[in-house]
Structures are given as structure tokens and as C-alpha cells.
Amino acid sequence: MVIEQIAQAILSVQSPFVTRVAIDGVDGAGKTMFGDELGRTLEAWGAKVIRASVDGFHHPRVVRYRRGRFCPEGFYRDSYDYATLRQVLLDPLSPGGSGQYISAVFDHRNDAPVRSSTRQAAAGDILIFDGIFAHRPELRGYWDLSVLLEVSFETSIKRLGARDGTPMDLLAPLNRRYIEGQQLYFQECGPANHATLVVDNNEPASPCIGSTVTKTESTL
């Protein structure tokens, strides 16, 4: 199974502290489910897993929509608070970090901060972090291993519609915000060129590992 192959690859990473793993992909690519299943597999094999998502680090709506509710560039550039993400989660879990981390700071559905307890990580723990734009320059140097889930935009929009009740039409303003914002990410960041593994997840019951990039050590 692909999940087991990736779990084995994660366990083979030689990390001096916490092994940091990213699951990237467009909205509806299946990142959360994939990350959860990967985490359960690792835990079944005796690993201690820290689960977190970029969704816990949204900016408030006033920031996310300052370029306009349906602006693709705003979706790409203004959705997330990367400075706080690095400060409270990624830096503490990096080599030389304190290990004292917070896994989420904001609830985007209620547009309000959340109060999360500070937890202590230990050497040998594994962070499974899911989220779009995970190979932006601000983040990609943190990952000891990363996975890019690839799905078509048609598949992505159908999944989002079934999950969230959003329009199924690719040309709907909300979907154009997502699609064109993610296309901007692909153009600027080339995530497939930075991911350790690229996985075709159009059929989540039978994901398939595709091209790989040699990347076994983070830069942070």
C-alpha cells in the first residue's frame, strides 16, 4: 500500500529531533484524510505522531479578503499567517528548537482565535502537517519529507462541492478564486519539483506514487 510505503520512508529519515512531514495538494486533494491515515499507520508501528494543519493558521477574514472576496491572488497570498505558523509550530519542532509547540491558533469558520495548550515534543516524534501551499519558500525548507497529492481541478471541485456544498461549476467565482490562486502557486513555486514524493490521488482508494525528487534533509 502507498500509505505503508510512505510511512516506511518517513521512519527511515535520520532526523536529529522531530521528523517533519508535509502533505501538500490543492483543495479537495484529500490531504487531511491522507495525513490522518498516515498518522494512524505510524502510530500502529509505535511512533508518536503530532498532527497539525495549515487550516489552524488562517488569517482573519478582513485580511484574507482584503483584495476582494473572489480574488485568486488574495487566496494565494493572504490566506495564512506563516509567521505565526513558523513561530509556534515549525521552529520549535526544528533541530535546536524548544519542542514546545502549539498546533493551531485560529478558527477560520468562526473567524476567531483559538486558545490551544502548549505541548512538548520529544526527539523521535513525527509531525504530519497537511495544507495547501506547503512548498512555498517560507515553508519548504522545514520538511524532512514531503508529499504532493495530485488531483485534477475537476475532481477537486466535485469533492469540495460534496463536502462543503459549494458550486460544482469550475467557472463559478468562488471556484475561480481557488483554481486560479492555486495555479499561481504552481507557477511561482513548482511544488512537484520540491516534493519528495508525488502521489496521484484522483482515486483515493488506490493512490499511486509517481515521480520523485531526491530530498532527504531539510534546510532548517
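Computation of the quantities below employed the complete heavy-atom set of this structure, encompassing side-chain atoms and omitting hydrogens, waters and symmetry-equivalent molecules. Values in this document were obtained by computation on a predicted structure and should not be read as measured data.
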Worked verdict on Arg20 versus Asp144 for salt bridge (Lys or Arg N to Asp or Glu O under 4.0 Å): CA-CA 5 Å; Arg20 299 153 299 165; Asp144 297 294; 3.2 Å; yes
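- Counted within 6.0 Å of CE on Met168, heavy atoms from surrounding residues, nucleotides or ligands total more than 12; the atom is thus considered enclosed.
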Table please: side-chain donor-acceptor pairs of residues 62-70 below 3.5 Å, with sequence neighbours left out.
{"from": "Arg64", "atom 1": "NH1", "to": "His59", "atom 2": "O", "distance (Å)": "2.6"}
{"from": "Arg66", "atom 1": "NH2", "to": "Asp78", "atom 2": "OD1", "distance (Å)": "3.1"}
{"from": "Arg67", "atom 1": "NE", "to": "Asp78", "atom 2": "OD2", "distance (Å)": "2.6"}
{"from": "Arg67", "atom 1": "NH2", "to": "Asp78", "atom 2": "OD1", "distance (Å)": "3.4"}

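- The main-chain N or O of Glu37 is found under 3.5 Å from a side-chain atom of Thr41 such that the two form a donor-acceptor pair.
- Test Arg140, Lys31, His135, His194 against Asp24 for side-chain hydrogen bond (donor to acceptor under 3.5 Å, both in side chains) and you get one pass: His135.
- Val114 belongs to no multi-residue hydrophobic cluster, having no ILVMFWY side-chain contact under 4.5 Å with any other such residue.
- Sorted by first then second residue, the salt bridge (Lys or Arg N to Asp or Glu O under 4.0 Å) pairs that include residues 186-204, not counting sequence neighbours, are Arg77-Glu188.
- With no hydrogens or angles considered, no side-chain donor-acceptor pair links Ser79 and His58 at under 3.5 Å.
- Judged by distance alone, the side chain of Asp107 and the main-chain N or O of Gly56 form no donor-acceptor pair under 3.5 Å.
- Aromatic ring centres of Tyr82 and Phe57 lie farther apart than the 6.0 Å criterion allows.
- The structure places OG of Ser146 at 7.5 Å from CG of Leu197, a figure rounded to the nearest 0.5 Å.
- Hydrophobic clustering of Ile, Leu, Val, Met, Phe, Trp and Tyr side chains at less than 4.5 Å, counting indirect connections, unites Ile209 with Phe34.
- A salt bridge links Asp36 with Arg51: the closest approach of a Lys/Arg side-chain nitrogen to an acidic carboxylate oxygen falls below 4.0 angstrom.
- Listed by chain and residue number, Phe133 satisfy the ring pair (Phe, Tyr, Trp, His ring centres under 6.0 Å) test with Tyr76 (two or more places apart in sequence, or in another chain).
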Given the rule in the side-chain contact (heavy atoms from CB on, under 4.5 Å) test, do Ile6 and Val199 qualify, once you have shown the distances and angles that lead to the verdict? CA-CA 10 Å; Ile6 295 174; Val199 174; 4.1 Å; yes
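- Taken to the nearest 0.5 Å, the CG atom of Leu149 stands 11.5 Å off from the OG atom of Ser156.
- Looking only at distances, no side-chain donor or acceptor of Thr19 sits under 3.5 Å from a matching main-chain atom of Ser15.
- Sorted by first then second residue, the salt bridge (Lys or Arg N to Asp or Glu O under 4.0 Å) pairs that include residues 150-176, not counting sequence neighbours, are Arg176-Glu180.
- For the residue pair Asp91 / Tyr101, no side-chain donor-acceptor distance below 3.5 Å is found, with atom types taken as modelled.
- Ile23 and Met33 fall into different hydrophobic clusters, defined by Ile, Leu, Val, Met, Phe, Trp and Tyr side-chain heavy atoms under 4.5 Å apart, directly or through other members.
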Show the atom names and distances, to 0.1 Å, of all donor-acceptor pairs under 3.5 Å that link a side chain in residues 116-129 to residues at least two apart or in another chain.
{"from": "Ser116", "atom 1": "OG", "to": "Ala104", "atom 2": "O", "distance (Å)": "2.9"}
{"from": "Gln120", "atom 1": "NE2", "to": "Ser98", "atom 2": "O", "distance (Å)": "3.0"}
{"from": "Asp125", "atom 1": "OD2", "to": "Ala122", "atom 2": "N", "distance (Å)": "2.8"}

